[in-house]
Amino acid sequence: MRRPARGAFLAAGILGAVLLGGCGDSGAEVSVPQVEVIEQPQISQTEEQREAQLDPESEAGTVLGEEEVTVMTPEGEPQTALYTRVRGNGDFSIAYDKSRFSIAASAGELRFEPSGEQEAAFLSIRTEDAPSAEELADQYVADSGEECSVEEMTIGEGEYPALWVSYAEGTEPDSRSCSLYIFRHNSALYTAQLDGTAGNVEMTAELNTILSTLRFDEG
């Protein structure tokens with residue numbers, strides 16, 4: 001059952017987490033962080049990075065600059081973090097903490113993984129070939145084999161409309177949890193997939209913070 005719910009991930013800050021249960025009786029929960037901008041990012045670019053930003057042919061993963069942002073930690077303390085903004089696999093850019101995550105980029109997928117972490121966790125943004133976001137969401141629900149929650153929400157700096165499919169494969173701390181954000185911009189359809197474990201709320205929050213910096217080029 002789909003029910004409307006509006007939420008927005010804003011760039012670069014973690015306030016806490018809200019637990020939303022999946023539909024059905026599974027009792028599985030998926031953690032969703034709430035983030036807050038404390039100050040607007042100060043963007044630093046070289047001339048080469050500025051040219052790459054203006055060049056629509058620049059490859060996915062091309063560095064476009066750095067942003068120093070003051071964020072709130074889970075303990076409620078302000079903290080300065082440095083994000084590296086890169087070209088996405090589409091008409092968007094996204095920023096991440098280069099000291100905490102590695103990136104793999106291609107024309108079809110942008111993938112972030114925690115550096116040096118043994119636990120499997122990642123954020124993948126990929127292009128999709130499907131008639132609509134609704135049909136793609138239905139397919140993901142069918143393929144999951146789990147009790148899923150499907151919500152309408154917004155993501156990224158521009159609060160872009162998305163369908164959010166979420167489920168967990170159990171209630172143990174090491175059980176896999178998955179969030180799929182399906183969204184369209186112009187003629188392109190994307191899925192942002194965030195995978196982690198139910199017990200690692202901090203890593204889920206960090207990956208969601210990366211997603212919160214998603215920005216489409218409206219020029």
Side-chain angles (χ1 to χ4, degrees), residues 7-22 26-38 41 61 66-86 88 94-105 109-126 140 144 146 148-149 151 153-157 162 164-183 190-214:
F9 292 116
L10 301 179
I14 302 170
L15 279 181
V18 152
L19 293 178
L20 296 180
S26 65
E29 294 179 324
V30 177
S31 177
V32 182
Q34 296 178 351
V35 293
E36 176 183 341
V37 174
I38 306 306
E66 294 183 330
E67 301 177 4
E68 190 175 79
V69 183
T70 302
V71 303
M72 291 296 290
T73 67
E75 294 75 28
E77 296 295 327
Q79 176 177 300
T80 299
L82 189 65
Y83 291 85
T84 299
R85 183 162 290 276
V86 296
I94 195 166
Y96 72 108
D97 186 343
K98 198 173 182 179
S99 69
R100 292 280 293 125
F101 294 89
S102 62
I103 182 175
E109 181 184 27
L110 207 63
R111 187 181 179 98
F112 300 92
E113 295 184 351
S115 303
E117 292 280 349
Q118 298 301 311
E119 178 190 351
F122 66 87
L123 170 65
S124 165
I125 303 176
R126 55 184 177 268
Y140 277 126
S144 73
E146 303 289 339
C148 295
S149 173
E151 308 278 348
M153 66 182 316
T154 58
I155 62 172
E157 290 187 4
W164 173 39
V165 179
S166 62
Y167 61 89
E169 294 181 347
T171 57
E172 297 300 319
D174 61 349
S175 298
R176 173 176 173 257
S177 66
C178 178
S179 287
L180 297 152
Y181 304 92
I182 304 166
F183 56 100
Y190 301 89
T191 294
Q193 178 174 347
L194 193 158
D195 260 39
T197 56
N200 197 339
V201 176
E202 182 178 349
M203 179 54 65
T204 300
E206 289 190 64
L207 290 169
N208 264 301
T209 302
I210 295 174
L211 184 58
S212 77
T213 69
L214 179 76

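All residue numbers in this chain count up from 1 along the given sequence. Just so you know, these numbers use all the heavy atoms, side chains as well, and skip hydrogens, waters and symmetry mates.
The two residues Ala121 and Gly196 come nearest to each other via the heavy atoms CB-CA, 4.3 Å. Between Ala192 and Leu211, the closest heavy-atom pair is CB-CD1, 3.9 Å. Between Leu123 and Leu207 the shortest heavy-atom distance is CD2-O, 3.7 Å. Between Ser166 and Ser179, the shortest heavy-atom distance links the atoms CB-OG, 4.1 Å. Contact record, Ala198 with Ser177: N-OG, 4.2 Å, taken as the closest heavy-atom pair.
For the pair Met203 and Arg100, the minimum side-chain heavy-atom distance is below 4.5 Å. Inter-residue side-chain proximity for Thr209 and Tyr83 is flagged as met; some heavy-atom pair is nearer than 4.5 Å. The shortest distance between side-chain heavy atoms of Thr84 and Phe101 does not fall below 4.5 Å.
No donor-acceptor distance shorter than 3.5 angstrom exists from the side chain of Thr191 to the backbone of Gln193, with no hydrogens or angles considered. A donor-acceptor pair under 3.5 Å links the side-chain atoms of Arg85 to the main chain of Thr213, judged by distance alone.
Legend: residues meeting salt bridge (Lys or Arg N to Asp or Glu O under 4.0 Å) with Arg126, ordered by chain and number and at least two apart, are Glu128.
Ring-centre distance between Tyr96 and Phe112: below the 6.0 Å cut-off.
The OG1 atom of Thr154 lies 12.0 Å from the CH2 atom of Trp164; values are rounded to the nearest 0.5 Å. Taking OH of Tyr190 as the start and CG of Leu110 as the end, the distance is 10.5 Å to the nearest 0.5 Å. From Glu172, atom CD reaches atom OG1 of Thr197 across 12.0 Å, with rounding to the nearest 0.5 Å.
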